[in-house]
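Data first, discussion second: the structure below is written as structure tokens.
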2 protein chains.
Amino acid sequence: MTQRVVRTAAALVIGNELLSGKIRDANVSELARALRALGIRLQRVVMLPDDIAILAEEVRALSANFDVVFTSGGVGPTHDDVTVEAVARAFQVEVVFDPKLSELLHEVYGERISDAHLLMARVPQGATLCGSPDVEWPTPVMKNVWILPGIPDLFRLKLLTARAWLKGPMPFVSRALFLRVEEPLLKPLLDAVVARHPSVEIGSYPKWFDPTYRTQITFDAETSTSAQAALEDLRSLVAESDVVRVE
Amino acid sequence: MTQRVVRTAAALVIGNELLSGKIRDANVSELARALRALGIRLQRVVMLPDDIAILAEEVRALSANFDVVFTSGGVGPTHDDVTVEAVARAFQVEVVFDPKLSELLHEVYGERISDAHLLMARVPQGATLCGSPDVEWPTPVMKNVWILPGIPDLFRLKLLTARAWLKGPMPFVSRALFLRVEEPLLKPLLDAVVARHPSVEIGSYPKWFDPTYRTQITFDAETSTSAQAALEDLRSLVAESDVVRVE
């Protein structure tokens with residue numbers, strides 16, 4: 001299996017239960033970390049209700065604008081599971097039953113299997129099934145859209161398959177400096193460092209209500225040399241006694 | 001203070017740290033629950049990086065399509081805090097210093113105040129400040145866009161102010177039925193109930209890896225009578241021994 005190189009990603013997180021606050025999403029940060037580790041940039045996340053027309057329009061837009069798209073949720077057998085239909089509509093194809101998924105469902109449910117179970121074998125016509133050695137159940141992928149389940153344990157499992165198939169141009173290097181200095185006082189120093197290191201993505205995160213440090217400064221770059229250089233540059237501008245730790 | 005009646009809401013969650021998985025968002029579910037309690041429908045959430053042009057375009061689109069919009073994050077004093085500028089650009093106005101916020105910052109920081117601190121007094125020209133008796137710090141609101149901080153404790157606090165100013169047409173009633181029946185087996189029964197109760201929003205959520213029940217069915221409606229009717233309808237279709245609990 002050759003990994004496909006992709007640069008940008010988007011996610012479409014689906015479910016009325018998220019927008020009504022009944023459930024708190026757990027998948028975006030998992031996806032973000034997995035993509036980060038591969039060197040793929042997650043650039044847009046959209047959370048939408050279980051509405052086929054709205055979802056189809058979003059799938060079409062995200063698929064056109066990003067190298068790879070991940071959907072989360074809406075793949076069960078009930079009336080509120082509309083993701084497969086929405087992805088099919090986005091690409092103007094039919095929903096069909098995949099024989100391989102059908103066979104797997106028969107293996108799992110045996111004689112108990114019903115038409116409702118078999119709804120989980122639906123895929124958009126033309127979708128391919130991507131598998132990996134460590135994950136038993138294959139993932140339907142329609143063009144550049146990976147269709148993942150919303151249940152966090154299963155979503156995380158499917159990310160293992162995505163990691164086997166995709167990679168970024170190069171992994172990111174992340175460094176961090178934890179300082180006892182308040183963010184507003186750091187600002188002029190930080191502005192100078194940001195200007196001197198344009199290739200490094202520098203983030204500043206104040207910590208409230210924490211006695212150990214005041215501000216975390218992060219340095220993300222494509223090489224450890226450039227991340228390190230920016231970190232050392234800022235470090236040289238603050239008192240050593242204000243440095244709580246370096247990561 | 002008269003509460004403004006709004007029906008639909010959207011959220012724009014801002015920050016590279018969320019899209020890189022360094023931080024897991026905690027604000028969407030808080031906002032969702034607060035709006036739900038007011039009877040306002042959260043219909044779209046978008047998560048984007050700290051990029052003024054991209055954010056400005058999104059603010060413009062969300063503001064035009066939803067009754068109220070909440071932004072989360074990007075309101076500190078550093079280079080990666082670009083929300084105020086993005087909102088200003090969305091409405092083609094300048095960024096100005098608000099005298100009231102400036103005064104409050106002077107009160108808090110006293111003689112230690114610096115230009116960087118005062119950056120937190122910036123607002124889009126024409127923004128109003130909304131306060132409430134229980135929250136000391138006012139929230140800038142530009143047309144229908146509420147500009148909230150990303151730090152979860154502060155975000156939650158500001159929601160108290162939003163709750164004082166906004167309300168939905170009527171609050172939702174939520175009921176739930178926890179069943180021992182697997183989702184695929186419930187499906188035909190559920191389809192019948194969904195068809196008979198078009199005004200009730202019915203959700204089905206399988207619970208994996210939990211021994212106490214298999215599927216949670218939720219019933220959301222504008223009246224308790226209609227939610228109750230749909231719940232009782234489904235309940236009459238399953239064996240009483242399969243009902244784990246009713247909420």
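Just so it is clear: chains get the letters A, B, ... in the order the sequence lines come, proteins before strands, and each one is counted from 1.
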Largest heavy-atom contact set with chain B, pairs under 4.5 Å, which of Val45(A), Ile54(A), Leu186(A), Leu190(A): Val45(A)
Among Glu201(A), Arg112(A), Arg44(A), residue most engaged with chain B (heavy-atom pairs, under 4.5 Å): Arg44(A)
Minimum-distance pair of heavy atoms, taken over all atoms of Leu48(B) and Gln43(A): CD2-O, 3.8 Å
Check whether Val46(B) gets within reach of chain A through its side chain, its backbone, both or neither, counting any heavy atom under 4.5 Å. both
Under a 4.5 Å heavy-atom cut-off, does chain B meet the side chain of Asp220(A), its backbone, both or neither? side chain
Is Tyr205(B) close to chain A through its backbone or its side chain, or both, or neither, when contacts mean heavy atoms under 4.5 Å? side chain
Under 4.5 Å to a heavy atom of chain B? For Arg33(A) that would be both
Highest number of heavy-atom pairs under 4.5 Å with chain A among Glu58(B), His79(B), Lys22(B) belongs to His79(B)
Ala26(B) versus chain A, the contacting section by heavy-atom distance below 4.5 Å: both
Measure across Ala116(B) and Pro184(A) and return the closest heavy-atom pair with its distance rounded to 0.1 Å. CB-O, 2.9 Å
Does CZ belonging to Arg7(A) count more than 12 external heavy atoms closer than 6.0 Å? no
Nearest 0.5 Å, what's the OG1-CG distance between Thr218(B) and Asp80(A)? 7.5 Å
Inspect the contact between Glu30(B) and Arg24(A) and indicate whether a charged nitrogen and a carboxylate oxygen are less than 4.0 angstrom apart. no
Please check if the number of heavy atoms outside Glu107(A) that lie under 6.0 Å from its CD is greater than 12. yes
Which heavy atom in Glu183(B) sits nearest to a heavy atom in Gly76(A), and how many Å separate them? OE1-CA, 4.4 Å
Atom group of Leu31(A) that falls short of 4.5 Å from chain B, counting heavy atoms: neither
Between Lys187(B) and Asp81(A), does any NZ, NE, NH1 or NH2 come within less than 4.0 Å of an OD or OE carboxylate oxygen? no
Given a strict heavy-atom distance threshold of 4.5 Å, which part of Ala10(A) is in contact with chain B: side chain, backbone, both, or neither? neither
Heavy atoms under 4.5 Å from chain B: which residues of residues 12-20 of chain A carry them? Asn16(A), Glu17(A), Leu18(A), Leu19(A), Ser20(A)
Under 4.5 Å between any side-chain heavy atoms of Met47(B) and Met47(A), yes or no? no
Given side chain to side chain contact (heavy atoms under 4.5 Å, CB included), test His117(A) with Leu185(B) step by step and report yes or no. CA-CA 8 Å; His117(A) 287 110; Leu185(B) 300 177; 4.0 Å; yes
Could you look at Asp25(B) and say if it's the side chain, the backbone, both or neither that has a heavy atom under 4.5 Å from chain A? backbone
